[in-house]
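Worksheet: one structure, shown below.
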Amino acid sequence: MSSGRTIVVGITGGIAAYKAVNVVRAFVLRGDSVHVVATPAALRFVGKPTLEAISRNPVHTDLYEGVAEVRHVAIGQSADLIVVAPATANTIAKLAAGLADDLLGNAILASTAPLVIAPAMHTEMWNNAATVANVATLRSRGVIVVGPGVGQLTGSDTGAGRMEEPDTIVAAALVALDAADLSVGRRSDLAGKHVVITAGGTREPLDPVRFLGNRSSGKQGVALAQAALARGARVTLISANLEVAAPASADVRLVGTALELQAAVTDAAAGADAVIMAAAVADYRPAAVRADKIKKDDTGDTLLLELIRNPDILAGLAAAGQPGQVLIGFAAETEPDADRLLALGRTKMARKGCDFLVLNRVGWTEGFASDRNEITVLDRSGDIVCEASGTKMSVAGRILDLIA
Ligand code: CTP
């Protein structure tokens, strides 16, 4: 599924150009439309056919090709993001000076998109006062500089100057894209829509000082709210014990327990265009909430808690079935095997009856509190309609694409 974004990957002449192939590949696998602009020097290190096969698009090099279509301007204008990897000392100097003596320089000058560069050079060149000043100039203009890392260089020497790994470059680029989407709000495809999002984790009190809860931080739900607001939606955020700040422009309703969340979301969902149940809802609550603190002297060495089932809120919303409303549920599972995880998701989808189910793996070290997420989205018939991994903000964007 396409994310609908156009990424220009500039490749300049350094040995690390061969690693740029993996940067291109990562964007293509995310569903981005990728256009490679390679300098002639870059093509001495990596072949044009490789870059064309991996990017699935023609690779442009020459400023004087495609002049009739004003290609040097068109490439820059169409870009949602430009990534230069590797960025040589020479390229960094040209960017700092605003030179446009090749296609890449022209495309960058003609663009207002975020620019991410991944320098790669020998340590001496990186530490040279000219390079230090050029990099500082670029940073002061908002260019995002990823790396360089410290490690083995092309020869037998080691030091600062090694191009960052492709995964790190892509992750930094996605953060830059998210930030640009939020600040510019370029996409307004949810304008006029009312989106209700539940986020966080419910807590079921046992007594005035204790509760049964879960480890959901609310980061994914808040990212959904931020992304929906940036795309023009009116957002009601049902906030269950969030560990992160709720966006100021959302209509925030605070809830504690599953029953409170049910009341709030049922009320907000009336007439909403979409409801996203990202909150982790307690399946059980204590049969009785004690008015006073439970004391060990009264309970002894073991304490048996009697719990009763909470209603399945998502299934209830699906059964109420408001026409035209898109209902999205989440399924957090600890199953390590990918096939069995998918099977669990399909069973849960059948039980819940929502339009889409976002499946993600959670565990002691996965999912919760992290800034990243990896999801598979199923439709009503259990077919996979989207697979995404990345920052919770980029994943949020992919989920909202389903509504938009
Ligand atoms: N959910 C809900 N009401 C509940 C429990 C969960 O609305 N009482 C919603 C969650 O917000 C989520 C989806 O249902 O969107 C799946 O939640 P999950 O905890 O993965 O599944 P459960 O229904 O609790 O099923 P199980 O415990 O068997 O995994």
Side-chain angles (χ1 to χ4, degrees), residues 1-5 30-32 80 174 177-178 181-182 184-200 218-239 246-247 249-253 264-279 313-332 345 348-349 352-360 373-404:
M1 171 168 288
S2 168
S3 67
R5 281 165 167 170
R30 287 186 71 255
D32 295 315
D80 291 308
L174 294 178
L177 262 177
D178 291 341
D181 274 0
L182 285 181
V184 183
R186 269 183 288 198
R187 303 162 75 177
S188 51
D189 54 359
L190 294 176
K193 304 289 179 200
H194 179 205
V195 180
V196 177
I197 299 166
T198 68
K219 282 187 179 174
Q220 185 63 72
V222 167
L224 280 160
Q226 287 170 329
L229 287 164
R231 287 164 74 159
R234 177 163 71 86
V235 173
T236 303
L237 182 65
I238 315 284
S239 155
S249 44
D251 170 15
V252 181
R253 317 240 175 121
V265 73
T266 307
D267 174 55
D273 296 289
V275 181
I276 307 178
M277 284 288 293
I313 304 166
L314 178 61
L317 290 169
Q322 294 188 31
Q325 184 177 77
V326 181
L327 183 58
I328 301 185
F330 272 67
K348 195 168 277 186
M349 175 51 129
K352 301 279 183 179
C354 48
D355 296 301
F356 297 105
L357 191 75
V358 181
L359 188 56
N360 74 319
N373 207 355
E374 191 172 337
I375 60 158
T376 300
V377 185
L378 306 179
D379 67 8
R380 273 180 181 279
S381 42
D383 290 335
I384 296 175
V385 289
C386 169
E387 286 177 295
S389 68
T391 60
K392 284 186 171 169
M393 184 60 82
S394 73
V395 165
R398 303 292 298 279
I399 294 168
L400 294 179
D401 287 345
L402 296 167
I403 302 175

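When every heavy atom of Met393 is checked against every heavy atom of Ala227, the shortest pair comes out as SD-CB, 4.0 Å. Closest of all the heavy-atom pairs between Cys354 and Ala318 is N-CB, 4.2 Å. Closest approach of Asn373 to Val395, counting heavy atoms only: O-CG2, 3.7 Å. In this structure, Leu229 and Ala250 approach most closely via the heavy-atom pair CD1-N, 4.0 Å. Residues Leu400 and Ala228 approach most closely at CD1-N, 3.3 Å, considering heavy atoms. Taking every heavy atom of both residues into account, Leu237 and Ala225 meet most closely at CD1-CB, 4.1 Å.
Judged purely by atom type and a 3.5 angstrom limit, Ser239 has no side-chain atom pairing as donor or acceptor with the backbone of Arg253. Remark: side-chain polar atoms of Gln322 are paired, donor with acceptor, to backbone N or O of Ala269 under 3.5 angstrom.
For the atom pair Leu359 CG and Lys348 NZ, the distance stands at 8.5 Å (nearest 0.5 Å). Note that OG1 of Thr266 and CD1 of Ile313 are 7.0 Å apart. Values are rounded to the nearest 0.5 Å. If you take CD1 on Ile403 and CG on Asp273, they are separated by 9.0 Å, rounding to the nearest 0.5 Å. For the atom pair Asp267 CG and Ile238 CD1, the distance stands at 8.0 Å (nearest 0.5 Å).
For residues 376-386, the pairs satisfying salt bridge (Lys or Arg N to Asp or Glu O under 4.0 Å) are Asp355-Arg380, with sequence neighbours left out.
Considering only heavy atoms from C-beta on, Thr198 stays 4.5 Å or farther from Ile276 through its side chain. Side-chain contact check for Val358 versus Met277: every heavy-atom pair is 4.5 Å or farther apart. In this structure, Phe330 and Ile399 have side chains that are in contact, with non-hydrogen atoms separated by less than 4.5 Å. Using a 4.5 Å cut-off on side-chain heavy atoms (C-beta onward), Pro247 and Val222 make contact.
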N/O donor to acceptor pairs below 3.5 angstrom from side-chain atoms of residues 190-197, sequence neighbours left out:
from, atom 1, to, atom 2, distance (Å)
His194, ND1, Arg234, NH2, 3.4
His194, NE2, Thr236, OG1, 2.7

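Applying the side chain to side chain contact (heavy atoms under 4.5 Å, CB included) criterion to Glu374, with sequence neighbours excluded, gives Ser389.
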**Message:** I'd like to know whether Asp32 forms a side chain to side chain contact (heavy atoms under 4.5 Å, CB included) with Asp80, so could you lay out the CA-CA distance, the side-chain angles of the two residues, the decisive distance to 0.1 Å, and finally the verdict.
**Reply:** CA-CA 10 Å; Asp32 295 315; Asp80 291 308; over 6 Å; no
*asked:* Run Arg398 and Val377 through side chain to side chain contact (heavy atoms under 4.5 Å, CB included) and show every step you take.
replied: CA-CA 10 Å; Arg398 303 292 298 279; Val377 185; over 6 Å; no
